[in-house]
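Okay, so here's the structure we're looking at.
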Amino acid sequence: MGESTGGKGDGVLYVQKGPATMTEMSSHDLARAREQTDVVLLPFGALEAHGDHLPLGTDSMEAREICRRVALRLADSGCPVVIGPVIPFGSSNFHLGYPGTVSLKPETLIALSRDVCLSLYQSGFRRFVFVHGHDGSLPSMMVAAQILVEETPAAEAMVLNWLTPLSKVYSTIQLSKASEGHGGEGETARLLVTHPELVHPERSEPFHLTSEQMRKLQGPEHIKTGGAIFYSTRKYPNDYIGTPGLARPETGEKGYGVIVEWICAVIQRDLFGGAVVP
Ligand SMILES: [Zn+2]
């Protein structure tokens, strides 16, 4: 190893707080954790354009942070879980028209997820919780969960779409009164919480669609019920939607609060026999 030159590229970009994902644990750390639990959270990220104000890995960072907070909260409740490796790519074909986007075909994402889960099954995990950072991956995640359960004698899997509870409170936690979507106020605010060095709202202008365009693009009624709409590649109107300049870390904290509370309630109820989800 050479000495640091102090030149461009040597700076600290951001600091990630624990608990560690499997990536930062030793094999022995993992074995010890496995003795405490057979539940693993899998953060499904993505590498895709989010305007000039957010990094390409935004969705991976969000998924990791959600799992980190969920694991902390559950540990406090006596429900230990392990955080699996962040899956760094998703199905992002809507955004392939924007540089830097890497998109897996659904069959590739399903195969990747299957192999990751079957490996973790060999490590003794039996209950798998898939947490998305990018909703375009949800259909493949569901198929992968189904395959995992069919191919193993004892696996259980759940796929949690936190956009459903979050979308119900958007209007009460966000400052914007206009349509906010991919890379907009909410998502920018969540990145401000964890990676402020990588967020540059000053590089963005508000970009909005009419409510009719927004309905066709994101279909809030579909999001609220856990469904989705799909488009052909390169039809997405911009690489972000909304007013990133309104993003505040407090808003991001509120968003994470809603997401984490809901996920923890579902996991406690369904995997640990806890209270009913409100
Ligand atoms: Zn995103």
Side-chain angles (χ1 to χ4, degrees), residues 14 16 42-69 86-104 109 130-141 159-167 170 173-174 176 179-196 198-201 203-204 206-209 214 217-220 222-223 226 228-231 233 235-247 249 251-256 258-260 263:
Y14 54 88
Q16 296 203 324
L42 268 186
F44 280 74
L47 194 71
E48 63 178 35
H50 282 77
D52 196 15
H53 57 287
L54 289 174
L56 290 158
T58 289
D59 295 346
S60 294
M61 295 167 188
E62 284 180 85
R64 183 190 185 282
E65 179 64 9
I66 291 167
C67 289
R68 187 186 81 80
R69 290 174 179 235
V86 177
I87 309 287
F89 307 117
S91 287
S92 302
N93 65 315
F94 314 161
H95 304 291
L96 274 175
Y98 303 100
T101 299
V102 171
S103 181
L104 300 186
L109 181 55
F130 292 2
V131 178
H132 72 88
H134 166 58
D135 56 344
S137 298
L138 279 166
S140 300
M141 292 163 63
V159 181
L160 297 180
N161 181 359
W162 47 260
L163 280 171
T164 306
L166 182 64
S167 64
Y170 275 151
I173 65 175
Q174 293 186 175
S176 175
S179 58
E180 298 292 318
H182 170 78
E185 181 194 351
E187 192 160 29
T188 305
R190 291 195 292 281
L191 254 284
L192 273 177
V193 173
T194 54
H195 299 76
L198 303 184
V199 181
H200 305 282
R203 295 186 192 165
S204 68
F207 179 89
H208 292 291
L209 300 173
M214 196 70 183
L217 189 69
Q218 292 206 312
H222 296 279
I223 290 176
I229 301 176
F230 295 90
Y231 335 90
T233 301
K235 289 272 179 68
Y236 215 75
N238 197 21
D239 56 357
Y240 67 95
I241 297 168
T243 316
L246 287 175
T251 309
E253 283 287 352
K254 287 180 190 168
Y256 276 128
V258 171
I259 294 166
V260 169
I263 291 178

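Note that ligands are numbered from 1 as they come in the structure, with each ligand's atoms numbered from 1 the same way. What you see is a predicted model, and the numbers here were worked out from it, not measured in a lab.
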Check: N/O/S of E62 less than 2.8 Å from the Zn ion (ligand 1)?
Finding: no
Note to self: Any donor-acceptor pair under 3.5 Å linking the side-chain atoms of T243 with those of H208?
What the structure shows: yes
Note to self: Quick check: of its N, O or S atoms, which one does E187 have closest to the Zn ion (ligand 1)?
What the structure shows: OE2
Notebook entry, point to check: Have N161 and H132 got a donor and an acceptor in their side chains that come within less than 3.5 Å?
Noted result: yes
Next item on the list: Verify side-chain contact (heavy atoms from CB on, under 4.5 Å) between E180 and Y170, making sure each step is shown before the conclusion.
Entry: CA-CA 9 Å; E180 298 292 318; Y170 275 151; over 6 Å; no
Item checked: Residue H50, metal the Zn ion (ligand 1), N/O/S under 2.8 Å -> yes
Item checked: Test item: E48 side-chain N/O and H95 main-chain N/O as donor-acceptor pair under 3.5 Å -> no
Check: In D59, what N, O or S atom is nearest to the Zn ion (ligand 1), if we give its atom name?
Finding: OD1
